[in-house]
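This report refers to the structure that appears directly beneath it.
Counting starts at 1 for both ligands and their atoms, in listed order.
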Amino acid sequence: MPVERVTPTLDALERRGDAIRMGRGLWVLRDFERLVERGDFVGPSEFNERFSRETGVALGTYSGPITFRSNEELPVHRWWPYVQGYSAEFVAGELDRSEVGRGTTVLDPFAGSGTTLVEARRAGGRAWGTELLAPAVLAARVKTDFELPPAELGRTAGRVLARARARAPGAPPFLRETARQFTPAALAELTRLRDALPPVGSPAADAVRLAFGRILIPSSRLHRSPCLGYRRGSEPSGVAPFAAFEAAVTEMAADLATLRASRRNWGPPATVDRRDARRGGWPSESVDLAVTSPPYVNGMDYVMNYKVDLAWLGDVRSYAELAALRRAEVACDNLPRAETAPYLATEGAPDPWLGEILPRIRENVHRKGTYRRDDVHAVVHRYFADLVPVLVEVRRALRPGGRFVLVVGDSLLAGTYVPGDLLLARLGARAGLEIESVEVARRRRSGQRRSFELRESVVTLTKPRGGGRRRPFPRSGAAPKSSLPVHGNP
Ligand SMILES: C[S@@+](CC[C@H](N)C(=O)[O-])C[C@H]1O[C@@H](n2cnc3c(N)ncnc32)[C@H](O)[C@@H]1O
């Protein structure tokens, strides 16, 4: 629809009572509300009950902070506020429960900003992560480089600022909206700072790049809440870049100094690979504990949300490169149709529950005829197909008795409930892991229907001791004999 028709159309839909405004920029067709009330709607309680019956595991409760918010005041974790991250306290609890210390190895296949890796190293373990989003990789690497002398960071940052002050403004990055995203004054300071950064490679150079990356959104007209969007006209238009850069570096140097007090406990330097977790490849039986939070079903488009950081840090240089990165990330709602085309068939999904859920999504989208895309079920299908090889590979990498702990949410899509947490637990069982527990950690609201309560859960899977695979679901006969299909055309 041409842009100029969008607002009048939304207004007309709202006047007729066919659409409800949920918040700024978010509208929901009223029929999706009604879909949830349909007689054939299968909700959380039905799935919970079936899950307990089939696996023998009843849902429990995890208490304690789970979101990244609690990290915002914590030394080191606060260096790169990652809305999609989880709490350091949660990770520390898991490390404790699995007795991580010297000589143990902790893996995070979707390492994000490195919350797991920082805590694992602090606890004395060997920390290992894979992550695709370059700014997150940078954050994880810098945050786990505890050895960087604070004075060296201060000197490097001082030289950057001196060079930046002496230079003329440079060219903006390739993003079309840059001039709208920043005031001319902020743009001038940011391009001068960027062009004054030292070449990548040394720990101090990486740390000042992170400090620069961190100030991009605060000094723009944008915010992440959690998606990237413009601030309201009334909100302040951002902090001054030179001052913000200086403040970021001062905080980092102070945290590095504090960290030194515990240096005798640190594990060996962490490894953070910029790599597709779906490819696995971690050595067999080398990992004692894996803790992670994968993207959520049909959730965040990380590439769109971090395009400003990716472009300014020089990690991507064109829209084609942004698109290529999106194709490598676990499936989200913005994948091009060519990527979801092999997943249009609902047969061959990696779990029988998906055999019920995918056709329901397809039917509801068809019934409405106006959903954002008509292949949502294929996005969901591809999402789970993307995670299967990670489950299989982490199982191979774990030592017998080792745990794989995942924080993941459920979803409501096109009026269809998708129990992402229970599905991942089931897929883990099919991959040869045992379901130890599923604990609900937090309630959250559905974007499609505010009154519908979604959740975020901690799923704990264990690699059985004593080799051989067990039947995935001891209490029901529904388990297939063959192992799972790995990533690729289903
Ligand atoms: C929920 S976030 C993890 C946040 C992390 N727990 C933290 O505290 O910072 C999920 C991460 O998975 C990454 N990701 C998505 N697809 C990936 C893939 N195929 N390989 C590696 N990482 C991927 C995203 O870039 C994102 O950073």
Side-chain angles (χ1 to χ4, degrees), residues 65-72 74 76-92 94 106-120 127-144 210 214 224 226 270 272-282 290-307 309-310 315-316 322 324-335 339 382-391 393-394 405-409 420-421 424 441-442 456-459 486-487:
I66 194 82
T67 67
F68 195 86
R69 182 158 299 187
S70 57
N71 296 357
E72 282 168 6
L74 291 182
V76 183
H77 292 289
R78 61 186 174 173
W79 292 358
W80 201 61
Y82 197 36
V83 202
Q84 289 76 24
Y86 45 39
S87 83
E89 195 178 322
F90 157 72
V91 175
E94 288 304 323
V106 179
L107 171 70
D108 186 342
F110 299 103
S113 64
T115 312
T116 309
L117 312 183
V118 170
E119 288 305 306
W128 193 0
T130 49
E131 168 61 50
L132 266 179
L133 196 71
V137 173
L138 176 70
R141 283 195 183 138
V142 173
K143 285 165 60 185
T144 49
L210 181 66
R214 177 185 169 174
R224 285 198 186 95
V272 189
D273 294 326
R274 178 152 188 257
R275 206 152 61 86
D276 185 344
R278 296 174 304 174
R279 297 188 191 281
W282 308 288
V291 186
T292 204
S293 172
Y296 290 5
V297 192
N298 219 44
M300 171 75 50
D301 178 348
Y302 285 90
V303 176
M304 190 166 83
N305 268 284
Y306 290 90
K307 65 182 178 192
D309 314 54
L310 286 159
D315 298 316
V316 293
L322 279 176
L325 179 57
R326 181 175 295 118
R327 288 197 295 274
E329 290 249 326
V330 167
C332 73
D333 193 41
N334 283 338
L335 262 191
E339 291 293 313
R382 158 115 183 222
Y383 168 86
F384 287 104
D386 276 350
L387 288 181
V388 165
V390 181
L391 289 159
E393 281 294 281
V394 170
V405 184
L406 301 107
V407 175
V408 70
D421 47 1
L424 275 191
R442 184 170 82 94
E456 197 159 55
S457 307
V458 181
V459 175
V486 293
H487 179 67

Between the main-chain N or O of G409 and the side-chain N or O of E456, is there a donor-acceptor pair closer than 3.5 Å? no
Side chains of Q84 and Y296: any donor to acceptor distance under 3.5 Å? no
Please check: side-chain N/O of K143 versus main-chain N/O of W79, any donor-acceptor pairing under 3.5 Å? no
Restricting to heavy atoms, the pick from N305, T115, T116 nearest atom 8 (O) of ligand 1 would be T115
Test side-chain contact (heavy atoms from CB on, under 4.5 Å), reference V408, set L424, L387, T292, output is L424
Counting non-hydrogen protein atoms only, what is the nearest one to atom 25 (O) of ligand 1? Give residue, atom name and distance. E131 OE2, 2.6 Å
Is there a donor in the side chain of T130 and an acceptor in the side chain of D273, or the other way round, less than 3.5 Å apart? no
Does A136 have a heavy atom less than 4.0 Å from any atom of ligand 1? no
Could I get the full list of salt bridge (Lys or Arg N to Asp or Glu O under 4.0 Å) partners for R326, not counting sequence neighbours? D301
Return the OH to CG distance between Y82 and N305, rounded to the nearest 0.5 Å. 9.0 Å
Pick, from Y296, Y86, F90, Y82, the option with the minimum heavy-atom distance to atom 26 (C) of ligand 1. Y82
What's the spacing between D276 CG and E131 CD if we round to 0.5 Å? 10.5 Å
Does an N or O from S293, backbone or side chain, lie closer than 3.5 Å to an N or O of ligand 1? no
At a 4.0 Å threshold, what atoms of ligand 1 neighbour a non-hydrogen atom of S113? 7 (C), 9 (O)
Apply side-chain contact (heavy atoms from CB on, under 4.5 Å) to the pair F90 and V291, showing each step before the final yes or no. CA-CA 10 Å; F90 157 72; V291 186; 4.0 Å; yes
Students should be able to answer this: which protein heavy-atom is nearest to atom 15 (C) of ligand 1, and at what distance? E329 OE1, 3.2 Å
Give the atoms of ligand 1, by number and element, whose distance to some non-hydrogen atom of R275 is under 4.0 Å. 20 (N), 21 (C)
shortest atom 2 (S) of ligand 1-to-protein heavy-atom contact is with Y302 OH, 3.3 Å
According to salt bridge (Lys or Arg N to Asp or Glu O under 4.0 Å), who are the partners of D309, at least two apart in sequence or on a separate chain? R224
So is Q84 polar-close to ligand 1, meaning N/O to N/O under 3.5 Å? no
Nearest protein heavy-atom contact for atom 5 (C) of ligand 1: which residue, which atom, what distance? A111 O, 3.7 Å
Starting from atom 16 (N) of ligand 1, find the nearest protein heavy-atom neighbour and note its residue, name and distance. V330 N, 2.9 Å
Atoms of ligand 1, numbered as shown, that sit under 4.0 Å from any heavy atom of L133: 25 (O)
Just verifying a value: how many Å separate Y302 OH and L325 CG, rounded to the nearest 0.5 Å? 12.5 Å
Gap separating the CD atom of E339 from the CG atom of D386, nearest 0.5 angstrom: 9.5 Å
Those atoms of ligand 1 less than 4.0 Å from some heavy atom in A328: 19 (N)
The atoms of ligand 1 lying under 4.0 Å from a heavy atom of A277, numbered in the order shown, are 18 (C), 19 (N), 20 (N), 21 (C)
If I apply the N/O under 3.5 Å rule, does P295 come out as touching ligand 1? no
Per-atom filter on ligand 1: closer than 4.0 angstrom to a heavy atom of L132 are 17 (C), 18 (C), 19 (N), 20 (N), 21 (C), 22 (N)
Protein contact of atom 23 (C) of ligand 1 - nearest heavy atom, named by residue and atom, plus distance: F110 CD2, 3.4 Å
Looking at D276, which atoms of ligand 1 are within less than 4.0 Å of one of its heavy atoms? 18 (C), 19 (N), 20 (N)
